[in-house]
Amino acid sequence: MYTFLSNLLSDKKGGEIFTCFGIWHICFIALFLCLGIFLCLYLKNNSNEKQERIIDKVISIAFGLYIADFFLMPFAYGEIDIEKLPFHVCTAMCVGCFFTRRVTFLKKYKIQFATLGFVSNLIYLIYPAGVMWHAVHPFSYRVIQTLSFHGIMMVYGLLVLIYETENFTWKKCYRDFFVILSMVIWALLGNLLYNSESREYNWFFVVRDPFNMFSESIARFIMPVLNMVIFFGVELLIYFIFSKFRRLFNDKK
């Protein structure tokens with residue numbers, strides 16, 4: 001059984017290679033954009049209860065994919081990859097979004113977690129560097145699982161931003177900053193615990209500049225602050241865009 005699953009899930013080399021903005025990458029992006037648009041239109045004339053049930057199922061699927069990956073990685077890669085621990089913003093927001101719908105204390109942060117998850121997963125879906133570097137076939141488990149996870153997380157964030165923002169006010173934007181700050185601290189903790197001379201993870205890019213504009217000695221002081229400023233600014237822009245979109249959407253409705 002192990003041999004069968006290993007052959008099925010392990011990286012497929014040779015032949016066509018998954019490339020950034022190649023035909024298969026564009027197909028994945030189009031698939032999840034179409035899924036998001038379809039669900040938005042499908043939920044438009046449904047009750048709030050049904051909207052909430054569907055959105056809850058979407059995040060449950062994403063969370064299920066994330067948890068299942070830990071059990072399938074030994075077959076696919078021969079080990080459990082430590083980098084998949086929830087210290088990256090994409091995976092951390094998946095866990096956070098799942099529990100904001102189930103833990104009373106966290107429910108008031110539902111839109112903040114969803115927005116940060118939407119931004120981070122959309123960025124990865126557009127530029128899946130972690131998949132691209134492995135140069136594997138587009139039908140490899142690594143490609144399908146990773147892009148499916150990020151695509152579904154993007155769809156979840158999109159649905160929350162459209163349908164579950166009734167309690168959002170600009171006066172509560174401090175919650176977004178608090179969630180981003182918490183993410184930075186959480187990523188710093190992960191890097192502190194797991195980084196070693198043999199491997200450096202750079203979760204949430206808080207210990208090293210991914211674009212190599214800053215030296216390592218400076219980046220570990222600049223990147224945490226820079227991440228907070230950039231992501232907070234992007235989230236405010238997202239709120240502005242979606243507030244205009246929802247107004248137009250409701251007028252037409």
Side-chain angles (χ1 to χ4, degrees), residues 32 55-56 58-73 80-131 142 145-161 164 173-195 199-210 220 223-235 238:
F32 290 107
I55 295 173
D56 188 62
V58 172
I59 189 58
S60 295
I61 291 172
F63 186 74
L65 284 174
Y66 177 61
I67 296 301
D69 192 35
F70 283 95
F71 293 91
L72 295 176
M73 277 191 284
I80 294 179
D81 189 358
I82 297 294
E83 192 163 5
K84 289 294 185 78
L85 290 174
F87 292 106
H88 269 310
V89 62
C90 297
T91 51
M93 289 306 104
C94 175
V95 177
C97 288
F98 181 79
F99 284 105
T100 56
R101 310 189 74 84
R102 289 158 178 82
V103 179
T104 303
F105 168 74
L106 293 175
K107 284 184 178 180
K108 62 183 178 181
Y109 295 101
K110 180 172 60 178
I111 186 174
Q112 285 75 30
F113 276 89
T115 305
L116 185 55
F118 171 77
V119 172
S120 57
N121 283 279
L122 178 61
I123 291 172
Y124 192 93
L125 186 64
I126 294 174
Y127 186 70
V131 172
R142 184 189 299 274
Q145 192 280 335
T146 306
L147 290 176
S148 295
F149 168 79
H150 288 85
I152 293 172
M153 281 298 300
M154 182 273 293
V155 171
Y156 170 77
L158 177 67
L159 295 176
V160 171
L161 283 166
E164 296 195 335
C173 285
Y174 67 89
R175 290 182 178 176
D176 294 87
F177 187 81
F178 176 73
V179 169
I180 296 170
L181 175 61
S182 300
M183 182 64 233
V184 168
I185 296 172
W186 179 243
L188 285 169
L189 176 63
N191 285 295
L192 177 66
L193 291 174
Y194 290 96
N195 280 350
R199 184 168 181 180
E200 187 177 82
Y201 294 99
N202 195 28
W203 280 302
F204 200 32
F205 310 114
V206 292
V207 296
R208 191 175 66 253
D209 171 23
R220 63 182 62 252
M223 292 307 297
V225 177
L226 190 60
N227 271 356
M228 287 189 289
V229 172
I230 291 175
F231 274 92
F232 185 60
V234 170
E235 287 198 17
I238 290 292

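For clarity, every value in this text was computed on a predicted model and none was experimentally measured.
At a threshold of 4.5 Å between non-hydrogen side-chain atoms, the residues Val95 and Phe98 do not count as touching. Side-chain contact check for Leu116 versus Glu235: some heavy-atom pair is nearer than 4.5 Å. At a threshold of 4.5 Å between non-hydrogen side-chain atoms, the residues Leu125 and Asn121 do not count as touching. Between Met223 and Arg208, every side-chain heavy-atom pair lies at or beyond the 4.5 Å cut-off. Residues Arg175 and Ile111 fail the side-chain proximity criterion, which asks for heavy atoms closer than 4.5 Å. In this structure the side chain of Val89 never reaches within 4.5 angstrom of the side chain of Phe205, judged on heavy atoms. Between Pro128 and Leu147, some side-chain heavy-atom pair lies under the 4.5 Å cut-off. Side-chain contact between Arg199 and Ile82: absent, with no pair of heavy atoms (C-beta onward) separated by less than 4.5 Å.
Trp203 and Tyr194 have perpendicular rings, their planes meeting at more than 60° on a 0 to 90° scale where under 30° would count as parallel.
Between Lys110 and Asp56 there is no salt bridge, since none of the side-chain N atoms of the basic residue sits less than 4.0 Å from a carboxylate O of the acidic one.
Phe178 CZ: 12 or fewer foreign heavy atoms inside a 6.0 Å radius. Within a 6.0 Å sphere centred on CZ of Phe71, heavy atoms belonging to other residues, nucleotides or ligands number 12 at most.
The CD atom of Gln112 lies 11.0 Å from the CG atom of Leu106; values are rounded to the nearest 0.5 Å. To the nearest 0.5 Å, atoms CG (Leu122) and CZ (Phe32) are separated by 12.5 Å. The OG atom of Ser60 lies 8.5 Å from the CZ atom of Arg101; values are rounded to the nearest 0.5 Å. Between Ile238 atom CD1 and Thr115 atom OG1 the span is 8.0 Å, to the nearest 0.5 Å. Atom CZ of Phe63 sits about 8.5 Å away from atom OH of Tyr66, to the nearest 0.5 Å. Atom CD1 of Ile80 is separated from atom CG of Leu72 by 10.5 Å, given to the nearest 0.5 angstrom.
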Quiz item: Should Phe232 and Val179 be marked as a side chain to side chain contact (heavy atoms under 4.5 Å, CB included) after you check the CA-CA gap, both sets of side-chain angles, and the distance that decides it?
Solution: CA-CA 10 Å; Phe232 185 60; Val179 169; over 6 Å; no

Practice problem: Show your working on side chain to side chain contact (heavy atoms under 4.5 Å, CB included) between Phe87 and Phe204 and close with a plain yes or no. | Solution: CA-CA 7 Å; Phe87 292 106; Phe204 200 32; over 6 Å; no

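Taking all atoms of both residues into account, the shortest heavy-atom contact from Asn202 to Asn191 is N-OD1, 3.0 Å. The two residues Pro86 and Ala92 come nearest to each other via the heavy atoms O-CB, 3.5 Å. Residues Met228 and Ile180 approach most closely at CA-CG2, 3.7 Å, considering heavy atoms. Between Cys90 and Phe149, the closest heavy-atom pair is O-CZ, 4.0 Å. The two residues Val206 and Asn227 have their closest heavy-atom pair at CG1-ND2, 3.9 Å. Shown here for Tyr124 and Val131, the closest heavy-atom pair between the two residues is OH-N, 3.4 Å.
For the side-chain contact (heavy atoms from CB on, under 4.5 Å) with Ile59, the lone residue among Tyr156, Phe113, Phe99 that qualifies is Tyr156. No option in Thr146, Asp69, Thr91 other than Asp69 meets the side-chain hydrogen bond (donor to acceptor under 3.5 Å, both in side chains) test with Lys84.
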